[in-house]
Protein chains: 4
Amino acid sequence: MEERTRPLGRPRSEDARLAVLRAVDDMLVEEGYAAMTMKGIAERAKVGRQTVYRWWSSKAEILLEASAADAVRELTVPPSESAEGDVVAFLAALSGFLTESDAGLAYRALLGEAQHDAKVAELLRGTDVLGDAARVLIAQVQDRGGLVGFAGAARETLVAELVGPTLFRTLVEGRPVEPAAIADMSQRFLATSR
Amino acid sequence: MEERTRPLGRPRSEDARLAVLRAVDDMLVEEGYAAMTMKGIAERAKVGRQTVYRWWSSKAEILLEASAADAVRELTVPPSESAEGDVVAFLAALSGFLTESDAGLAYRALLGEAQHDAKVAELLRGTDVLGDAARVLIAQVQDRGGLVGFAGAARETLVAELVGPTLFRTLVEGRPVEPAAIADMSQRFLATSR
Amino acid sequence: MEERTRPLGRPRSEDARLAVLRAVDDMLVEEGYAAMTMKGIAERAKVGRQTVYRWWSSKAEILLEASAADAVRELTVPPSESAEGDVVAFLAALSGFLTESDAGLAYRALLGEAQHDAKVAELLRGTDVLGDAARVLIAQVQDRGGLVGFAGAARETLVAELVGPTLFRTLVEGRPVEPAAIADMSQRFLATSR
Amino acid sequence: MEERTRPLGRPRSEDARLAVLRAVDDMLVEEGYAAMTMKGIAERAKVGRQTVYRWWSSKAEILLEASAADAVRELTVPPSESAEGDVVAFLAALSGFLTESDAGLAYRALLGEAQHDAKVAELLRGTDVLGDAARVLIAQVQDRGGLVGFAGAARETLVAELVGPTLFRTLVEGRPVEPAAIADMSQRFLATSR
DNA sequence: TACTAAACGAGACGGTACGTCGTGTCTTCCC
DNA sequence: GGGAAGACACGACGTACCGTCTCGTTTAGTA
């Protein structure tokens with residue numbers, strides 16, 4: 001059996017890669033997505049412009065790589081004592097993620113850009129951050145015995161039912177969902193399934 | 001009592017205003033939001049650039065003026081025979097609006113831009129197109145006797161519960177919600193609110 | 001009879017034009033032709049890059065406009081007491097121009113560039129600085145009675161005979177022609193033309 | 001007495017050297033001097049870029065090495081039946097060299113570059129191609145008994161008198177000198193010396 | 001035969017100029 | 001004073017080449 005041989009030439013610099021990701025992370029928070037430019041990223045990272053373009057084709061792509069892991073981590077909630085506790089914790093995490101976290105800021109910027117840039121939409125569809133997190137939570141709740149008796153089309157809408165209301169509030173209003181509303185949403189979500 | 005006197009000088013040209021709005025409408029469909037520029041709009045409308053800047057401060061502002069009326073019209077559904085019929089009709093209209101209508105394309109672009117541009121977010125908050133339409137529908141359903149017995153926090157989440165799931169599906173997946181899912185969402189919405 | 005109407009829009013800025021020409025003049029002396037860039041010129045002139053490109057298509061074109069008038073002036077010599085005096089004065093001026101004058105530095109750079117850039121060659125052919133100056137001098141000498149009895153092909157070579165030797169010395173050796181050599185060249189030129 | 005020991009390591013590749021020289025030769029004709037780049041040369045020669053930089057420091061240097069021998073050969077004319085025949089043959093060769101030969105194209109490019117790049121000027125001064133050829137021709141003519149009675153400063157200007165006029169015509173006008181003019185120039189050159 | 005050392009190809013690196021485009025402002029003349 | 005035209009200073013775009021670097025490989029002499 002053969003080892004895969006290294007590509008020819010000087011290998012990619014991990015230093016440069018990390019410097020770019022870090023620069024994007026910092027600039028998003030400090031200056032905002034709109035003010036970020038490929039030129040600015042390169043300068044901030046002390047990296048050649050060509051080096052950025054060689055490995056990423058847009059600031060959206062860099063941002064996705066820089067924030068995807070954080071997003072997944074922030075949306076993973078430890079099991080609580082009850083199904084309702086799990087859902088409440090998840091929705092609270094989701095609300096916080098979308099309105100107060102750096103990774104969530106990145107996600108909102110990307111989801112926003114996806115609405116008028118097909119390339120970014122495509123990119124984002126490759127990593128359904130919110131959907132994946134929701135599916136994990138739903139499976140967790142089902143294992144406890146909640147959410148029994150779903151079938152067919154109903155199951156497919158569960159993710160939307162769980163995530164949608166919070167997404168609406170945060171995207172449209174731009175601020176966290178208050179705890180009372182989260183409690184209400186959680187009850188509604190579980191009510192239809194019991 | 002004196003009539004308020006007309007401002008001095010040449011009055012604003014309605015021709016120019018309409019030409020700009022029409023140009024923005026057309027360009028959004030033909031080239032997309034990202035490719036639209038203030039310069040391009042002025043040229044397409046055969047209008048001086050200064051004239052565009054004099055009356056609007058960004059392409060988002062023009063787009064909002066150009067599409068708001070259409071959006072409201074498309075999201076107004078006539079009463080049907082039942083509460084469920086009303087909700088289904090509304091969600092279908094919402095799904096179609098967000099994925100297939102020109103006005104919806106504009107709304108998605110604006111909502112997207114609002115995620116990384118505070119000015120646009122502010123602008124959009126002034127006209128809560130989706131929320132207003134949802135509130136009208138909810139009032140309509142309540143008048144029929146559906147949705148009784150709500151109070152406090154619960155009432156505030158109703159809009160999000162109605163609109164959120166469909167918004168999630170369309171924004172994240174970028175395609176219309178299938179009829180079976182709409183039916184399911186409608187039933188859940190009514191079930192948890194009775 | 002009609003006045004020629006001014007073109008539409010904001011007229012060209014004379015300030016910007018002069019700032020660019022002055023910048024090119026200065027930079028040629030301070031940094032040299034090779035180190036001069038369109039970007040550098042714009043920055044030095046505190047002018048937008050687009051403004052430079054709008055009116056000139058290359059640094060050669062700017063340099064020509066900036067130095068042509070000076071070149072003509074420096075190569076115009078006042079009549080002296082004798083034909084030989086005129087020729088000596090001209091060759092001395094030519095030698096000085098090509099090796100010590102700023103305008104001559106520009107001319108050498110342009111003539112050099114013309115050797116590997118057809119656009120510049122074309123440009124330079126439109127203004128035969130050396131040839132014109134030589135023709136003026138030759139006419140001057142002929143008016144005195146020197147250079148009688150020329151005809152046909154012979155006449156066409158006069159300019160080359162006058163300018164060529166000095167051009168060779170300066171271009172190839174890069175330093176002024178010594179006075180003794182100038183005297184010698186002048187005598188030969190007149191001797192072979194009488 | 002010791003032989004100079006070969007340096008350690010892998011010896012220079014003659015293949016690579018020739019490939020580079022050939023690439024430069026071809027590219028000069030096909031694309032022109034200005035369009036030639038170190039990167040392009042390396043790629044065309046299928047040679048690493050470092051290899052080019054290891055042995056030459058600029059494209060001018062490569063071009064000089066690639067064309068010097070050809071230049072000398074093209075400017076060496078066999079003795080004819082008369083002194084005038086020799087001079088005519090030389091000037092014809094010079095005119096053809098500067099306007100139609102590949103080696104002459106290279107020489108013109110180098111002489112041009114030398115006008116705004118001191119490094120190239122230095123380089124070119126090391127090999128006075130035109131001057132050397134002219135000196136050979138002059139010695140040849142003198143041996144026949146032409147050009148007698150020169151001394152001092154006069155002798156030093158002979159080369160310039162011979163080469164200059166043709167150089168002027170070719171550099172400034174960019175086309176060959178017509179035969180009648182060459183004949184005229186030859187007569188003038190010999191006239192002052194007899 | 002193994003070791004050392006330099007040249008080799010490939011190609012990524014940090015820089016910088018290219019020529020174009022869009023920004024928002026200005027200056028001109030015309031209505 | 002509004003409007004069309006278009007020049008202005010500014011700065012990002014994505015590309016190309018600069019000259020250097022870091023890989024693995026090749027080719028010689030030396031041990």
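Proteins come first, then strands; the chains are lettered A, B, ... in the order of their sequence lines, and each starts at number 1.
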| message | Taking side-chain contact (heavy atoms from CB on, under 4.5 Å) as the definition, give me every residue that meets it alongside A/D25, ordered by chain and number, with sequence neighbours left out. | response | A/A66

| note | Ordered by number, residues from residues 41-59 of chain B within less than 4.0 Å of DNA chain F (heavy atoms) are B/K46, B/V47, B/G48, B/R49, B/T51, B/R54, B/W55

| message | Rounded to the nearest 0.5 Å, what separates atom CE in D/M27 from atom CD1 in D/I41? | response | 6.0 Å

| task | Can you tell me which residue pairs pass the salt bridge (charged side-chain N to carboxylate O under 4.0 Å, His left out) test with a partner in residues 115-126 of chain D, sequence neighbours excluded? | result | none

| field | Boundaries of the DNA chain F segment in contact with chain A, non-hydrogen, under 4.0 Å | value | F/dA12 to F/dG24

Using atom types as modelled, flag every donor-acceptor pair under 3.5 Å from a side chain in residues 46-53 of chain A to any protein atom, sequence neighbours excluded.
none

| task | Using heavy atoms to find the nearest nucleotide of DNA chain F for A/G9 and C/R10 separately, return the residue whose nucleotide is more 5′. | result | C/R10

| Looking only at heavy atoms, what is the nearest atom pair of A/S101 and A/A103, with distance? | OG-N, 3.0 Å

| task | Enumerate the residue pairs fulfilling side-chain hydrogen bond (donor to acceptor under 3.5 Å, both in side chains) with a member in residues 26-40 of chain B, sequence neighbours excluded, ordered by first and then second residue. | result | B/E30-B/R44

| said: Minimum heavy-atom separation for C/H116 and D/G112, please, with both atom names. | reply: CE1-C, 4.2 Å

| said: Let's see if you get this right: which residues in residues 109-124 of chain C place a heavy atom under 4.0 Å from DNA chain E? | reply: none

| Is atom CZ of D/R22 surrounded by more than 12 heavy atoms (other residues, nucleotides or ligands) closer than 6.0 Å? | no

| Nearest atoms (heavy-atom pairs only) where A/A19 meets A/A45 | O-CB, 3.5 Å

| query | side-chain contact (heavy atoms from CB on, under 4.5 Å) with C/L171: which residues, sequence neighbours excluded? | reply | C/R108, C/L111, C/L167, D/Q115, D/L171

| request: Could you tell me from which nucleotide to which nucleotide of DNA chain E, 5' to 3', there is an atom under 4.0 Å from chain A heavy atoms? | output: E/dA10 to E/dA17

| Interatomic distance, D/L28 atom CG to D/L105 atom CG [nearest 0.5 angstrom] | 4.5 Å

| said: Using a 4.0 Å cut-off on heavy atoms, which residues in residues 14-32 of chain C reach DNA chain E? List them by number, or say none. | reply: none

| Atom CZ of C/R10 and atom CZ of C/R12: how far apart are they, to the nearest 0.5 Å? | 13.0 Å

| query | Taking only residues at least two apart or on different chains, which pairs with a member in residues 56-68 of chain B satisfy side-chain hydrogen bond (donor to acceptor under 3.5 Å, both in side chains)? | reply | B/R17-B/E65, B/W56-B/E65, B/S57-B/E61

| message | Using only atom types and a distance under 3.5 Å, with no angle test, would you say the side chain of B/T127 pairs donor to acceptor with the backbone of B/V129? | response | no

| remark: residues 5-24 of chain D vs ring-ring contact (aromatic ring centres under 6.0 Å, His included), sequence neighbours excluded, gives none

